[in-house]
Amino acid sequence: AVTKDGRHVILNNNKTWEFIQSTEGDPSKSAVLSVINIEDLGSTCKIGLRLQNNLGYKIKSLVPTFSVYKTGGLRFESVSKGFSSIKPTRDLYREIQFQGIGCSEVDHILVHDADQCNMGQLDKYNNKEGECLGKIFVEPSEVINIRK
């Protein structure tokens with residue numbers, strides 16, 4: 001959702017909300033998430049993603065959630081996708097699919113959560129909420145609107 005003053009918030013299922021941090025970080029020191037391709041399959045939107053590891057240490061496991069929104073801020077569906085075993089300077093390609101919505105109907109995709117990561121000093125015992133997500137730089141795409 002978007003507030004009257006233009007700030008983006010996530011509306012949670014438990015009727016709480018939180019502001020989305022707009023700071024992107026430095027792509028040369030981040031895990032850079034890029035949209036490689038999209039394929040409109042009628043009632044399914046298939047998106048190819050690449051995660052480039054520029055962190056300087058191995059990404060053992062990183063599982064962000066991707067939520068697709070229709071025009072008007074309506075969250076339609078969320079899927080999680082795992083990226084694992086990515087050595088520094090390497091990348092990994094993955095695909096996600098949103099069922100019941102064509103790519104032309106997508107207003108934007110929100111990348112969020114990712115709190116269960118294992119990379120560098122971060123693991124399930126040693127990270128604060130949002131710390132894993134903060135390591136991801138979402139590269140702007142010309143083919144579909146994607147952001148953190």
Side-chain angles (χ1 to χ4, degrees), residues 1-2 7-14 16-70 73 75-148:
V2 181
R7 294 184 292 172
H8 290 86
V9 296
I10 293 177
L11 303 176
N12 300 312
N13 292 336
N14 64 359
T16 62
W17 58 272
E18 58 192 90
F19 284 109
I20 299 171
Q21 300 297 322
S22 61
T23 57
E24 287 291 332
D26 181 354
S28 68
K29 298 175 184 171
S30 301
V32 179
L33 183 70
S34 306
V35 174
I36 301 304
N37 54 51
I38 66 168
E39 188 175 354
D40 198 332
L41 304 171
S43 63
T44 300
C45 184
K46 183 176 175 181
I47 301 170
L49 302 166
R50 181 182 70 218
L51 189 69
Q52 170 73 38
N53 183 357
N54 295 338
L55 291 168
Y57 45 81
K58 184 177 182 179
I59 297 173
K60 295 177 185 172
S61 176
L62 179 61
V63 186
T65 299
F66 301 87
S67 294
V68 66
Y69 288 79
K70 288 183 145 190
R75 182 166 48 179
F76 185 77
E77 184 181 19
S78 297
V79 296
S80 296
K81 184 56 79 170
F83 295 86
S84 60
S85 299
I86 310 172
K87 294 178 182 177
T89 73
R90 301 294 187 161
D91 63 75
L92 186 62
Y93 177 84
R94 291 281 189 249
E95 292 180 341
I96 57 174
Q97 291 188 40
F98 298 108
Q99 304 291 329
I101 185 171
C103 295
S104 62
E105 300 174 75
V106 173
D107 179 68
H108 69 279
I109 297 169
L110 182 68
V111 182
H112 57 100
D113 291 339
D115 286 330
Q116 297 298 318
C117 72
N118 188 349
M119 54 189 184
Q121 299 295 318
L122 302 175
D123 60 28
K124 65 181 179 179
Y125 304 108
N126 298 310
N127 71 55
K128 298 175 189 159
E129 186 175 333
E131 202 169 10
C132 296
L133 183 63
K135 300 291 184 186
I136 300 173
F137 178 90
V138 178
E139 189 172 67
S141 170
E142 294 183 12
V143 294
I144 200 157
N145 185 1
I146 187 168
R147 61 180 180 245
K148 276 198 311 189

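Since this is a predicted model, take the numbers as computed values, not measurements.
The minimum heavy-atom distance linking Ser30 with Phe137 is given by the pair CB-CB, 3.7 Å. Looking at every heavy atom in both residues, Pro64 comes nearest to Ala114 through CA-CB, 3.7 Å. In terms of heavy atoms, Gly82 sits closest to Val63 at CA-CG2, 3.9 Å.
Take Glu105 and apply the salt bridge (charged side-chain N to carboxylate O under 4.0 Å, His left out) test, not counting sequence neighbours, and it matches Lys70. Asp40 pairs by the side-chain hydrogen bond (donor to acceptor under 3.5 Å, both in side chains) definition with nothing, not counting sequence neighbours. Not counting sequence neighbours, the partners of Asn37 by the side-chain hydrogen bond (donor to acceptor under 3.5 Å, both in side chains) test are Tyr93. For the side-chain hydrogen bond (donor to acceptor under 3.5 Å, both in side chains) test, residues two or more places apart in sequence or in another chain that qualify with Ser78 are Ser67. Lys81 is linked by a side chain to side chain contact (heavy atoms under 4.5 Å, CB included) to Phe66, Phe83, Arg94, Ile96, counting only residues two or more places apart in sequence or in another chain.
In this structure, the separation between CG on Leu92 and OG on Ser84 is 6.5 Å, given to the nearest 0.5 Å. Expressed to the nearest 0.5 Å, how far CG of Leu41 lies from CD of Gln97 amounts to 6.5 Å. Atom-to-atom distance recorded for Ile59:CD1 and Lys87:NZ is 13.5 Å, nearest 0.5 angstrom. Rounded to the nearest 0.5 angstrom, Ser141 OG and Ile38 CD1 are separated by 7.5 Å. Residue Lys128 holds its NZ atom at 10.5 Å from CG of Leu122, rounded to the nearest 0.5 Å.
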Identify each donor-acceptor pair in which a side-chain atom of residues 42-56 lies under 3.5 Å from a protein atom, sequence neighbours left out, and give them as a table.
residue	atom	partner	partner atom	Å
Thr44	OG1	Gln99	OE1	3.2
Gln52	NE2	Asn54	OD1	3.4
Gln52	NE2	Thr89	O	3.0
Asn53	OD1	Leu55	N	2.9
Asn53	ND2	Tyr57	O	2.8
Asn53	ND2	Ile86	O	2.8
Asn54	ND2	Pro27	O	3.0

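Listed by first and then second residue, the salt bridge (charged side-chain N to carboxylate O under 4.0 Å, His left out) pairs that reach into residues 107-118 come to none, sequence neighbours excluded.
Under the 3.5 Å distance criterion, with hydrogens and angles disregarded, a donor-acceptor pair is assigned to the side chains of Ser80 and Thr65.
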| said: Working note: Val111 + Leu133, criterion side chain to side chain contact (heavy atoms under 4.5 Å, CB included); need CA distance, chi angles, decisive distance, verdict. | reply: CA-CA 8 Å; Val111 182; Leu133 183 63; 4.3 Å; yes

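Side-chain contact check for Ile101 versus Val106: some heavy-atom pair is nearer than 4.5 Å. A 4.5 Å side-chain heavy-atom check between Lys58 and Ser85 finds at least one atom pair inside the cut-off.
Heavy atoms from other residues, nucleotides or ligands lying under 6.0 Å from CZ of Arg90 number 12 at most.
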